[in-house]
Asks: 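I have a structure I would like to understand better, so I am pasting it below and will then ask my questions one at a time.
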Amino acid sequence: MQSIFSCKQASELEKNAKENFAIPPFLMMENAAKAMADFICSKISSTDNSASLKSALIVCGKGNNGGDGYALARLLQNKINVTVFALEEPSAEEAKAQCEMCKRLGIKISDIQEFKKNCRSLSSGDFIVDCIYGTGFHGELSSGVAEIINVMNASRACKIACDIPSALAFAADYTITMGCQKLELYSDKAENVCGTILVADLGVAREKFENQSKLHLIEPEDRNLPLRKKRAAHKGSYGHTAVLCGDKAGAAILAATAAMNFGSGLTSLVETEISNLSQFKISPSLMISDSIPKKTSCIAIGSGFTDFSEQTAKRVLEWFKSSKAPAAVLDAGILINKAFPDFLQKLNEYDNARIILTPHLSELSRLLENCNAEDDFSVTALAENTGAKINAASFLNKRFPRTTVIMKSANTFIAEGGEVFVIADGSQSLAKGGSGDILAGMTAALLAQGYSAKDAAITAAEHHALLSKKIGQEAYNLTPEKILALL
């Protein structure tokens, strides 16, 4: 699990590290450039056996991001053919110094007009490095810079972004970010352009560079899979998941099957007044009941519901009241019901409750609207602005303190007790009906087996994401059944 910081926090960390550890101003820039140079050289040695000299096009802005580019050009001199373009004269002091070193070493630095004149031949090389704008950029790109980035994006070269893709417009294959993971790299918009994200060592151990953060990047080893290590066990040892069926019962069947496949000792489908189970063939391993079974340890509700009736809400509330350790996964259609916030508030009145919501961004936006949240929580804001997701997490955790929220998106954010955990291992192949029902069932199975809400959410969401990669990042034929088979 890696700590994540906002760009503003990262700048403060860099400033503090320079002051606290007496690091000269230029040293971090040198280490940033060295990280990029080492990456390019390792890429060449691992993929190419020819004797031909490789080439790199480095495009620099006026700030310290451009300074990193000048330093990179100097480190690569005589190792590969280096072409440097300055879109503007450097204005930051460290960038000025690096640019001057390049000039004295005989590295030619051309201007934007030269780039436009020869852009097609220049962008046909092996590497393009974007050092135009860093984390301090705000606003819109000028038409001239946008045109240049479009040319860079059209190249077949390996594209590398320094720290962060400029204005999230440069489409990088690799983003080498400096010093620490940055929150802004994990918006849905950034997901389209960052490629593989690598963290560069700035010459200070990350334990010394970083401080405590409430934002975390989840890694595969953070999963706590429900492996059965005790040899003496019975089905009751692993809980009983009850999945309530709505008017689209196929979704509930998927969720229940996922719960069974992910370790639930017993799994029941519970019919409601609107369910249509009779239309489906159902596995004999799933039980069917017209009420929530007495020994149920977790309920899942919402998958396949287009309406959330008072009668169904009453059944859930009665079960919560009767259970010693109530646990629930609430998903899909019920989350956008206007009465849902009051219902959720009642569930949160039970001290030992474990509650997980699993909304996608549209459902999350509607839920926040129904909670009368004042910030901009439109779908666009939530997708493009990581700060909006963090604010949504804070709002929901404060209002519903016994509720964990899995905000499903290109990068999934999990909000739990004031902390946020980011799942970045998913793939676009999951954009398929039924994928979310599988996640709901997996999460419910872990709650049924006694997991904390945080561990259940992290393990289920990360494992779900990794399974999609097994099927294929770009696969168009991912189906819920394929995920179930891998469970």
Side-chain angles (χ1 to χ4, degrees), residues 4 6-7 138-140 164-165 167-169 171 182-194 215 218 246 248 251 302-308 329-341 343-344 356-400 403-416 420-440 443 457 460-461 464-465 468 478:
I4 303 179
S6 69
C7 290
H138 302 286
E140 299 293 325
I164 188 169
L168 296 181
K182 297 183 176 68
L183 177 63
E184 286 78 359
L185 298 174
Y186 292 98
S187 69
D188 286 10
K189 184 176 181 180
E191 177 75 358
N192 284 324
V193 297
C194 285
L215 305 176
I218 296 302
K248 297 180 179 178
S303 297
F305 276 76
T306 55
D307 187 31
F308 187 44
V329 174
L330 309 173
D331 183 37
I334 68 170
L335 303 178
I336 62 174
N337 189 289
K338 289 198 179 225
F340 181 76
F343 168 76
L344 184 58
I356 298 178
L357 312 184
T358 58
H360 55 59
L361 294 190
S362 179
E363 292 161 348
L364 178 63
S365 180
R366 289 279 298 279
L367 169 60
L368 291 160
E369 180 184 335
N370 290 337
C371 288
N372 299 315
E374 295 180 356
D375 289 0
D376 178 10
F377 291 127
S378 64
V379 174
T380 300
L382 290 166
E384 296 188 357
N385 181 4
T386 50
K389 282 183 182 173
I390 301 301
N391 291 340
S394 177
F395 177 90
L396 291 170
N397 284 164
K398 285 178 182 176
R399 179 154 175 180
F400 308 108
T403 298
T404 298
V405 187
I406 301 175
M407 297 180 269
K408 297 181 294 193
S409 193
N411 288 312
T412 290
F413 281 43
I414 298 171
E416 153 73 33
V420 175
F421 305 88
V422 180
I423 307 287
D425 286 322
S427 61
Q428 58 269 34
S429 58
L430 280 171
K432 187 73 69 77
S435 296
D437 303 318
I438 301 297
L439 176 59
T443 308
H464 185 255
S468 74
L478 178 147

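Small disclaimer: the values here were computed from a predicted structure and weren't measured.
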Asks: Can you tell me how the ring of F343 sits relative to the ring of F340, calling it parallel under 30°, perpendicular over 60° and tilted otherwise?
Replies: tilted

Asks: Test L357 against L367 for side-chain contact (heavy atoms from CB on, under 4.5 Å), laying out the working first.
Replies: CA-CA 11 Å; L357 312 184; L367 169 60; 3.9 Å; yes

Asks: By side-chain contact (heavy atoms from CB on, under 4.5 Å), which residues pair with S429, not counting sequence neighbours?
Replies: S427, S468, A475, L478

Asks: For T380, check side chain to side chain donor-acceptor pair (under 3.5 Å) against everything at least two apart and list the hits.
Replies: none

Asks: Minimum heavy-atom separation for I4 to K182, with atom names?
Replies: CG2-C, 3.7 Å

Asks: Test T386 against F413 for side-chain contact (heavy atoms from CB on, under 4.5 Å), laying out the working first.
Replies: CA-CA 9 Å; T386 50; F413 281 43; 4.1 Å; yes

Asks: For side-chain contact (heavy atoms from CB on, under 4.5 Å), just list the numbers for V405 and F400, CA-CA rounded to whole Å, side-chain angles, deciding distance to a tenth of an Å, and then say yes or no.
Replies: CA-CA 10 Å; V405 187; F400 308 108; over 6 Å; no

Asks: Got a sec, which pairs hit salt bridge (Lys or Arg N to Asp or Glu O under 4.0 Å) with one end in residues 424-438, sequence neighbours left out?
Replies: D425-K469

Asks: Taking all non-hydrogen atoms of both residues into account, name the closest pair between F377 and A388 and its distance.
Replies: CE2-O, 3.2 Å

Asks: Does any pair with a residue in residues 370-391 pass salt bridge (Lys or Arg N to Asp or Glu O under 4.0 Å), and if so which ones, sequence neighbours excluded?
Replies: D188-K389

Asks: Between R399 and C371 (side chain of the first, backbone of the second, donor and acceptor by atom type, cut-off under 3.5 Å), is there such a pair?
Replies: yes

Asks: Flag the pair L364 / S409 as yes when at least one side-chain heavy-atom distance between them is below 4.5 Å, and no otherwise.
Replies: no

Asks: State which residues pass side-chain contact (heavy atoms from CB on, under 4.5 Å) with S365; sequence neighbours excluded, sorted by chain then number.
Replies: V379, L382

Asks: Quick one, L183 with I390, criterion side-chain contact (heavy atoms from CB on, under 4.5 Å). Give me CA distance, side-chain angles, the key distance, then yes/no.
Replies: CA-CA 10 Å; L183 177 63; I390 301 301; 3.9 Å; yes

Asks: Partners of D331 by salt bridge (charged side-chain N to carboxylate O under 4.0 Å, His left out), sequence neighbours excluded?
Replies: K408

Asks: Could you tell me which non-hydrogen atom of P165 sits nearest to which non-hydrogen atom of V193, and how far apart they are?
Replies: CG-O, 3.8 Å

Asks: Got a donor-acceptor contact below 3.5 angstrom from the H464 side chain to the S435 backbone?
Replies: yes

Asks: From L396 CG over to N391 CG, what is the distance, rounded to the nearest 0.5 angstrom?
Replies: 11.0 Å

Asks: Any donor-acceptor pair under 3.5 Å linking the side chain of T412 with the backbone of I423?
Replies: no

